[in-house]
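Everything on this sheet refers to the single structure shown next.
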Amino acid sequence: MSSSQQQKAADFRALHEGEAFVVPNPWDAGSARVFEALGFRALATTSSGFAFTLGRPDGSVTLDELAEHVQLLAPATSLPVSVDLENGFGADPEDAAAAIARAAQAGAVGGSIEDYGHDEGIYELDHAVERVAAASEAARRLDFPFTFTARAENHIRGNPDLDDTIARLQAYERAGADVLFAPGLRTADQIRSVCEATTKPVNVLAHPGLSMGEIVDAGARRVSVGGSLAWTAVEAAVAVAERMRDEGDFSGLGSPTRVREWLAD
């Protein structure tokens with residue numbers, strides 16, 4: 001693909017200043033190419049979807065493995081790619097900063113850092129803010145406009161306290177985050193409360209109970225889907241495979257005709 005990292009970074013930043021948009025989450029280079037062919041304007045990796053391609057659960061991938069994944073995915077498409085960096089692969093602020101730098105080196109133009117560690121749980125606010133500040137500083141040191149997203153995980157980690165979510169996102173905004181993200185917001189009212197309490201673009205994780213119109217009307221600028229598209233693809237394959245196994249029925253097998261079109265240069 002011909003688009004430079006500098007141009008992709010500028011394109012991604014500009015998207016956040018225009019109409020609200022959907023960011024699908026590819027799990028490999030092929031799915032990235034398909035989503036580009038379908039007309040999406042940016043992509044974001046999925047930690048759970050990528051871990052699945054390695055036969056592992058979410059949270060079991062190393063930073064080296066993720067960097068290799070991005071090195072394959074980013075040049076496969078002309079679209080900007082943001083990276084799910086989980087907790088930055090370490091609890092210290094230096095880890096968060098290093099993860100941002102590594103993602104950029106691999107070809108990404110954006111990335112997100114969570115305030116939750118699998119061993120530590122949700123980080124204390126002061127420590128979480130130090131991590132966001134370190135990641136923000138690392139992004140600013142790059143020679144292109146890397147879009148850094150700070151995630152408040154409490155809503156999906158056993159503490160669905162919206163006031164705490166808002167307080168964390170406000171602190172992350174002050175610490176330099178470009179985009180704010182609280183996975184697990186379930187209603188338009190929750191999204192509206194977050195958007196009205198902050199000034200940076202807010203990313204929302206889509207779910208079947210909310211339409212794009214409802215999310216946008218509530219004030220969100222960006223919508224991602226996490227690993228859901230990967231699981232949709234897997235479930236479709238499983239359904240066909242089960243009919244093959246149980247009934248000897250091969251009628252559900254697909255043709256690569258459209259895939260050839262999507263992957264054509």
Side-chain angles (χ1 to χ4, degrees), residues 23-28 32 42-74 81-125 127-139 146-159 165 168-169 172 175-185 203-206 222 224-231:
V23 180
N25 300 76
W27 53 96
D28 58 16
L43 305 171
T45 68
T46 159
S47 63
S48 60
F50 173 51
F52 171 77
T53 68
L54 301 177
R56 301 183 206 159
D58 195 13
S60 63
V61 170
T62 68
L63 180 55
D64 286 342
E65 289 170 328
L66 179 59
E68 291 177 3
H69 173 56
V70 176
Q71 286 173 338
L72 292 173
L73 194 152
V81 174
S82 184
V83 181
D84 180 349
L85 291 165
E86 303 184 54
N87 75 326
F89 298 89
D92 295 334
E94 295 79 9
D95 296 319
I100 294 292
R102 191 70 182 279
Q105 183 182 40
V109 298
S112 63
I113 298 283
E114 303 171 2
D115 59 1
Y116 169 89
H118 290 285
D119 296 326
E120 306 90 347
I122 298 174
Y123 298 121
E124 294 295 330
L125 181 57
H127 181 59
V129 170
E130 290 178 3
R131 287 165 41 82
V132 170
S136 298
E137 290 169 7
F146 188 97
T147 300
F148 167 54
T149 299
R151 291 176 50 150
E153 295 288 292
N154 65 303
H155 216 76
I156 59 171
R157 304 293 183 180
N159 180 28
T165 302
R168 285 176 173 269
L169 293 178
Y172 301 162
D178 300 306
V179 178
L180 306 173
F181 184 16
L185 300 180
N203 183 93
V204 168
L205 182 65
R222 192 175 85 190
S224 57
V225 299
S228 295
L229 284 171
W231 313 138

Shortest non-hydrogen separation from Tyr123 to Gly90 and the atoms involved: OH-O, 4.1 Å
Note, Val81 side chain near Thr45 side chain (heavy atom, < 4.5 Å): yes
N/O donor-acceptor pair under 3.5 Å between Asn25 side chain and Val225 backbone: yes
Shortest non-hydrogen contact between Ala230 and Gly49, atoms and distance: CB-CA, 4.3 Å
Interatomic spacing from CG in Leu185 to CG in Leu205 - rounded to 0.5 Å: 9.0 Å
From CA spacing to verdict: side chain to side chain donor-acceptor pair (under 3.5 Å), Thr165, Asn154: CA-CA 7 Å; Thr165 302; Asn154 65 303; 3.0 Å; yes
Residues in ring pair (Phe, Tyr, Trp, His ring centres under 6.0 Å) contact with Phe146, at least two apart in sequence or another chain: none
Beyond-backbone contact of Val129 with Tyr172, side-chain heavy atoms, under 4.5 angstrom: yes
Closest contact, heavy atoms only, Gly184 versus His155: O-CD2, 3.1 Å
Non-hydrogen atoms of Ser48 and Gly227 that approach each other most closely: OG-CA, 3.7 Å
From Asp58 atom CG to His118 atom NE2, the distance as rounded to the nearest 0.5 Å: 6.0 Å
Glu153 side chain reached by Pro183 side chain, heavy atoms, under 4.5 Å: yes
Asn87 versus Arg131, closest heavy-atom pair with distance: O-NH2, 2.6 Å
Spacing of CG belonging to Leu73 relative to CG belonging to Asp28, to within rounding of 0.5 Å: 7.5 Å
Rounded distance (nearest 0.5 Å) linking atom CD of Glu114 with atom CZ of Arg157: 6.0 Å
Asp178 and Thr147: side chain donor to acceptor below 3.5 Å: no
Residue pair Ser82 / Val23, side-chain heavy-atom distance below 4.5 Å: no
Side chains of Arg222 and Thr149 in contact at under 4.5 Å (non-hydrogen atoms): yes
Straight-line distance of Leu66 CG to Leu85 CG, nearest 0.5 Å: 6.0 Å
Min side-chain heavy-atom separation His127-Glu120 under 4.5 Å: no
Side chain to side chain contact (heavy atoms under 4.5 Å, CB included) assessment of Phe50 paired with Leu54: CA-CA 7 Å; Phe50 173 51; Leu54 301 177; 3.8 Å; yes
Closest contact, heavy atoms only, Ala175 versus Ser136: O-OG, 3.5 Å
Stepwise side chain to side chain contact (heavy atoms under 4.5 Å, CB included) test for Asp84 and Arg151: CA-CA 10 Å; Asp84 180 349; Arg151 291 176 50 150; 4.0 Å; yes
Glu124 CD: over 12 foreign heavy atoms closer than 6.0 Å: no
Residues that Phe89 engages under ring pair (Phe, Tyr, Trp, His ring centres under 6.0 Å), provided they are two or more places apart: none
Residue pairs fulfilling salt bridge (Lys or Arg N to Asp or Glu O under 4.0 Å) with at least one residue in residues 88-104, sequence neighbours excluded: Asp64-Arg102
